[in-house]
Amino acid sequence: MLDARQIRAYPEEVKEQLAKRGIAGALDGFLGLDEERRQILGQVEELKSFRNSASQEVGRKKKEGQEPTELMEKVRQIGQEIKVLDDQLKATEAKIETILLNIPNLPHSSVPVGEDEASNVEIRRWGDPRQFGFEPLAHWDIGVNLDILDFERAAKLSGTRFTVYKSAGARLERAVINFYLDLHTGEHGYREILPPFMVSADCMQGTGQLPKFAEDMFKLEGKEMYLVPTAEVPLTNLYREEIIGPGQLPIYLTAYTPCFRAEAGSHGRDTRGVIRQHQFNKVELVKIVEPENSYEELEKLTRDAEKVLQLLGLPYRVMLLSTGDMGFSAAKTYDLEVWLPSYKEYKEISSCSNCEDFQARRANIRYRLAPKTKPQFAHTLNGSGVAVGRTVAAILENYQQADGSVVIPEVLRPYMGGLDLIKA
RNA sequence: GGAGAGAUGGCCGAGUAGGCUGAAGGCGCUCGCCUGCUAAGCGAGUAAGCGGCUAAUACCUGCUUCGAGGGUUCGAAUCCCUCUCUCUCCGCCA
């Protein structure tokens, strides 16, 4: 959520920023409503001020044995006026909130302006795609041939976009999760959290999924509860409605959760394999930091995510997303894209964003620098550290052998009970 | 699912014949004093949001907030209704 006072003070600048995201009109109506709100507020407060003092006056007179009937009658009438104005005020504030909740974050000045991913900028690459002496298979073929991925039975259980992992496949998924968590907690200083996988609508609004992206999520029948689309939601919302005390920041959190996404509007994309599922596993990184450090923290967080790919020996590149490709809550985002031989291109496996105070404002996450100082909004960051299903796909494809077997990356072997090769 | 109890400031905890209680007291915290260190002691301060005024997120000032939302009343933390959550007991259950 943007700062209403900032919009009021610099409407043209904010509009320009929004134009970079192709929605210059998002602010329309705001300034008028904002003015209307303050005008009504001024009136009500004046009336309430009168009511407060008049009521005390009544109390005083009654104590003296008088019966101030005219004054009581006057205050009663004022009360009616207040009620009317309060309703108007509430209606106006609701309109303002609707506008504000639907405006995305403003892009950071370092973000390239563009309509879509074509304007993304490659920042760096790591590793060289392997040269195969044979025609490499796609992970869905490798997995099915080895009988470690089962898409047919997954469809029987749950429909399309689900996968059943079996034997070494299931173990590999679990190994990757544990490897990531151990690395981030042990080496990178994150605190491990195991959150609920269902959260309230308030949480979803706090991180920006609601109200605009309800169709992308699974909502529980008859409940104001949603399956988490990413652990970013429960992790960031851990501190919703809190004032974090002096010396507590920065907070680094990591969690494994399954992620549930309706994938509305992506029919026909990535229909084969585990790349785009209704349920997938992910280890997420979340940081809550002071505003001064947040961009430095974004670089560090991105490096933390990259580290797992390096240790797994998976070639990747880092992309700086353009204004047209960024998510709703982000001010700046780096995507990590891993090399997938079957796609013959790099595919997103992590997204690391600085949301600045956008989510903090929605979720009311504040901190106090020192005792007695005014609380201010923290900055929140999040990044995949990284997507587990896509990691497994990348391992299968990048580590496949001519005979159909798959070599286990060395760092995972301790998590695989020493297994170094998956073969039929 | 059934029965009961409760939700007050950073924490604990007063506050029901409705009125100067934004809220006693304690703890914690901040600043100062004092004791040659430490402990103890003394004094003062210590909620947030939204407006007005401002260069100001400094003063000053208004309004709101005692789980949430409605109602009664000149006036509600205190009375009434609805909801949410927490705790205890019973039932069910991994």
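Residue numbers start from 1 in every chain, and the chains themselves are labelled A, B, ... in the order their sequence lines are given, proteins ahead of strands. Since the model is a prediction, treat every value here as computed from it, not as a measurement.
Using modelled atom types, no side-chain atom of A/Arg276 and backbone atom of A/Arg161 make a donor-acceptor pair closer than 3.5 Å.
Base pairing analysis places B/C60 opposite B/G52; the two distances defining the Watson-Crick or G-U wobble pair are each below 3.5 Å. Pairing of B/G6, defined by two Watson-Crick or G-U wobble distances under 3.5 Å, is identified with B/C85. Base pairing of B/A76: no nucleotide in any strand meets the Watson-Crick or G-U wobble criterion (both distances under 3.5 Å). Using N1 to N3 plus N6-O4 or O6-N4 for Watson-Crick, or N1-O2 and O6-N3 for G-U wobble, each under 3.5 Å, B/C20 pairs with nothing. Checking B/G41 for Watson-Crick or G-U wobble geometry (two distances, each under 3.5 Å) identifies B/C33 as its partner.
For the P atoms, the distance from B/C90 to B/C81 is 29 Å, rounded to whole Å. As rounded to the nearest Å, B/A5 and B/A44 have C1' atoms that lie 40 Å from one another. B/U82 sits 25 Å from B/U88 when the P atoms are compared, rounded to a whole Å. Taking atom P on both B/G9 and B/G49, the two are 16 Å apart, rounded to the nearest angstrom. Look at the P atom in both B/G70 and B/G75: the space between them is 16 Å, to the nearest Å. For B/G51 and B/U38, the P atoms lie 46 Å apart once the distance is rounded to whole Å. Spacing between B/U64 and B/G1 at atom P, rounded to whole Å, works out to 39 Å. Separating the C1' atom of B/G32 from that of B/G26 is a span of 22 Å, rounded to the nearest Å.
In terms of position along RNA chain B, the nucleotide closest to A/Arg60 lies nearer the 5' end than the nucleotide closest to the other residue of the pair A/Arg60 and A/Ser49. When the nearest nucleotides of RNA chain B are assigned to A/Lys63 and A/Asp34 by heavy-atom distance, the more 5′-ward of the two goes with A/Lys63.
Atom CG of A/Leu89 and atom P of B/C63 are 15 Å apart (whole Å). Rounded to whole Å, atom C1' of B/C53 lies 14 Å from atom CD of A/Glu45. The nearest whole Å value for the distance from the CD atom in A/Glu46 to the P atom in B/C50 is 22 Å. Between the CD atom of A/Glu241 and the P atom of B/G49 there is a distance of 12 Å, rounded to whole Å. Distance CZ (A/Arg368) to P (B/U30): 13 Å, rounded to an integer number of Å. A/Glu290 places its CD atom 16 Å from the C1' atom of B/U57, with the value rounded to the nearest Å. When the P atom of B/G49 is taken as reference, atom CZ of A/Arg361 falls 12 Å away, rounded to whole Å. Rounded to an integer number of Å, the gap from A/Gln43 CD to B/C50 C1' is 17 Å.
Put simply, A/Lys374 has no side-chain N or O that comes within less than 4.0 Å of OP1 or OP2 on B/A48. In terms of phosphate contacts, A/Arg38 brings no side-chain nitrogen or oxygen within less than 4.0 Å of OP1 or OP2 of B/C53. Proximity of A/Arg37 to the phosphate of B/G51: a side-chain N or O atom is located under 4.0 Å from OP1 or OP2.
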Go through it in stages, so that I can follow the logic: the residues are A/Gln209 and A/Thr207, the test is side-chain hydrogen bond (donor to acceptor under 3.5 Å, both in side chains), and I'd like the CA-CA distance, side-chain angles, deciding distance and then a yes or no. CA-CA 6 Å; A/Gln209 283 76 17; A/Thr207 32; 2.7 Å; yes

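Under 4.0 Å is where a charged nitrogen must lie from a carboxylate oxygen, and between A/Lys90 and A/Asp86 no such pair does. Ionic pairing of A/Lys61 and A/Glu64 is not present here: no N-O contact between side-chain nitrogen and carboxylate oxygen is shorter than 4.0 angstrom. Using a 4.0 Å cut-off between charged nitrogen and carboxylate oxygen, A/Lys48 and A/Glu45 do not count as a salt-bridge pair. Salt-bridge check for A/Lys307 with A/Glu187: failed, with every basic side-chain N at 4.0 Å or more from each acidic carboxylate O.
Residue contacts shown for A/Arg8 are limited to sugar-phosphate atoms, with no base heavy atom under 4.0 Å away. Counting non-hydrogen atoms under 4.0 angstrom, A/Pro68 reaches nothing in the nucleic acid.
For A/Pro375, the listed nucleotide lying nearest its side chain is B/G49; candidates were B/C50, B/G49, B/C63.
Below 30°, between 30° and 60°, or above 60°: for A/His188 and A/Tyr190 the angle between ring planes is above 60°, a perpendicular geometry.
A distance of 6.0 Å or more separates the ring centres of A/Phe260 and A/Phe197.
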Contact pattern, 5' to 3', of nucleotides 64-87 of chain B - B, S or - by protein heavy atom under 4.0 Å: S-----S-S-BS------------

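Under the side chain to side chain donor-acceptor pair (under 3.5 Å) test applied with A/Gln359, the options A/Gln205, A/Glu232, A/His379 reduce to a single match, A/Glu232.
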